[in-house]
Asks: 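Below: one structure in C-alpha cells.
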Amino acid sequence: MAKNKAVSRSRVPTHVAIIMDGNGRWAISRGLPRLAGHRAGTENLRRIITACIEFGVKYLTIYAFSTENWGRPREEVDGLMRILEDVIDKELAELNKEGVQLRHIGRLERLDPKLQEKVLEAIDLTKNNNRLVLNVAFNYGGRDEIICAIQRIINDGVKPEEVNSALVSRYMFTAGVPDPDLIIRTSGELRVSNFLIWQGAYSEWYVTSVYWPDFDKEELRKAFDTFAKRDRRYGGLSQTDEE
Ligand code: FPP
C-alpha cells in the first residue's frame with residue numbers, strides 16, 4: 001500500500017519549496033480554461049499542505065505569483081488574485097486550527113488594498129502557530145528581493161565590511177527561515193524562474209514531469225525518497241571521501 005508508506009522523519013527535508021508549474025497545461029489538456037487549472041492547483045495545494053504536516057515538514061514555501069506573472073492576460077491575473085482571497089476566506093480557519101503559520105514573501109504594495117489587509121490579518125492571526133510555516137510567495141521575484149535587500153542595507157548605513165552572507169539573509173523576505181533543503185518543480189521545466197535565487201544556493205532540486213494539480217501525496221513521498229538518497233556536500237567532500 002504505497003499510499004500509506006511513511007518517510008522516515010530523519011530524512012524529511014525541514015524546508016521544502018515548490019514551483020507549482022503546469023496548471024495551464026493541465027487545464028488545456030482537458031479542454032478547460034487556464035483558470036480551471038489554477039483552481040485545481042489550489043485544491044491540490046491544500047492536500048499537499050496536509051501531507052507536509054503529516055510527513056513532519058517544518059517550512060513550506062510555495063511560488064503562487066511571480067513579479068513576472070503581471071504580464072499574463074488580465075483575466076488570469078485577476079483570477080489568481082481572487083484565488084488568494086478565496087484561500088484566505090475559505091481555508092484560513094482550518095489552517096489555523098492545524099497549526100499553520102502563514103507568512104508572505106514578496107511585495108504586497110501592488111495588490112488591492114483590501115487584499116493586502118486580508119493577507120496581513122491572516123499573518124497576524126496565525127503568527128504564534130508552529131506546526132508548519134507556510135511562506136506564500138506572491139508578487140515575489142528573487143531579483144526583486146535582492147534589490148530590496150540592497151536598498152535596505154544601504155538605508156540602514158551598514159558598512160561594506162559588515163556585509164556577509166548571514167547579514168544578507170537577514171535582509172531577505174525569508175529572514176529567520178532556514179534555506180530550503182529541497183526545491184520541487186512540477187511539469188518538467190528545467191528553470192529556476194527567479195525563485196529563491198539567494199536562499200537556494202545549496203538546495204537540492206527535484207523536477208518531475210507531473211503537472212501540479214496531479215502532484216499528490218505519493219508524488220511528494222517519491223520526492224522525499226529521492227532527497228533522502230542525495231549526498232549533500234555544500235561544495236565540500238562527502239563524509240566517505242574524507243575518511
Ligand atoms: C504556474 O503554472 C502556476 C502559477 C503561475 C500559479 C500557481 C498558483 C496556484 C497553484 C494557486 C495557489 C495560489 C495561492 C494564492 C495560494 P502555469 O500557469 O505557468 O502552467 P503552464 O506552464 O502549464 O501554463
Asks: What's the separation between atom CD1 in Ile184 and atom CD1 in Ile62, rounded to the nearest 0.5 Å?
Replies: 12.5 Å
Asks: Do other residues, nucleotides or ligands put more than 12 heavy atoms under 6.0 Å from Arg143 CZ?
Replies: no
Asks: Does Lys159 pair with Glu161 as a salt bridge, N-O distance under 4.0 Å?
Replies: no
Asks: To check you understand the geometry: which heavy-atom pair defines the closest contact between Arg185 and Ser193, and what is its length?
Replies: NH1-OG, 2.8 Å
Asks: May I ask you to say whether Arg46 pairs ionically with Glu43, meaning some side-chain N is under 4.0 Å from a carboxylate O?
Replies: no
Asks: Residues two or more places apart in sequence or in another chain: which of them pass ring pair (Phe, Tyr, Trp, His ring centres under 6.0 Å) with Phe215?
Replies: Trp212
Asks: So Lys118 and Glu85, salt bridge (charged side-chain N to carboxylate O under 4.0 Å, His left out) or not? Walk me through it.
Replies: CA-CA 8 Å; Lys118 256 187 197 195; Glu85 196 175 348; 3.6 Å; yes
Asks: Given the rule in the side chain to side chain contact (heavy atoms under 4.5 Å, CB included) test, do Lys127 and Arg103 qualify, once you have shown the distances and angles that lead to the verdict?
Replies: CA-CA 8 Å; Lys127 64 177 185 287; Arg103 288 182 57 151; over 6 Å; no
Asks: Taking side-chain contact (heavy atoms from CB on, under 4.5 Å) as the test, write out the residues that go with Lys90, two or more places apart.
Replies: Asp86
Asks: Should the ring pair Tyr59 and His15 be called parallel, tilted or perpendicular, given that the plane angle runs from 0 to 90° and is split at 30 and 60?
Replies: tilted
Asks: Under 3.5 Å, which donor-acceptor pairs do the side chains of residues 202-210 form with other protein atoms, sequence neighbours left out?
Replies:
residue: Ser203; atom: OG; partner: Pro180; partner atom: O; Å: 2.7
residue: Glu204; atom: OE1; partner: Arg230; partner atom: NH1; Å: 3.0
residue: Thr208; atom: OG1; partner: Val210; partner atom: N; Å: 3.2

Asks: Which residue is it: Val119, Leu108, Leu84, Ile105? I am looking for the one with a side-chain contact (heavy atoms from CB on, under 4.5 Å) to Phe138.
Replies: Leu84
Asks: With a 4.0 Å cut-off on N to O distance, would you call Glu117 and Lys114 a salt bridge?
Replies: no
Asks: Begin with the C-alpha distance, continue with both residues' side-chain angles, and end with the deciding distance and a verdict on salt bridge (charged side-chain N to carboxylate O under 4.0 Å, His left out) for Asp225 and Arg221.
Replies: CA-CA 6 Å; Asp225 282 346; Arg221 196 187 60 74; 2.6 Å; yes
Asks: Applying salt bridge (charged side-chain N to carboxylate O under 4.0 Å, His left out), run through Arg47 and Asp216 and close with a yes or a no.
Replies: CA-CA 7 Å; Arg47 293 189 288 269; Asp216 59 11; over 6 Å; no
Asks: Verify the neighbour count for atom CD of Gln116: are there more than 12 heavy atoms of other residues, nucleotides or ligands below 6.0 Å?
Replies: yes
Asks: Taking the six-membered ring for Trp, are Phe55 and Phe224 ring centroids under 6.0 Å apart?
Replies: yes
Asks: Working note: Arg107 + Glu145, criterion salt bridge (charged side-chain N to carboxylate O under 4.0 Å, His left out); need CA distance, chi angles, decisive distance, verdict.
Replies: CA-CA 9 Å; Arg107 298 201 199 227; Glu145 180 178 37; over 6 Å; no
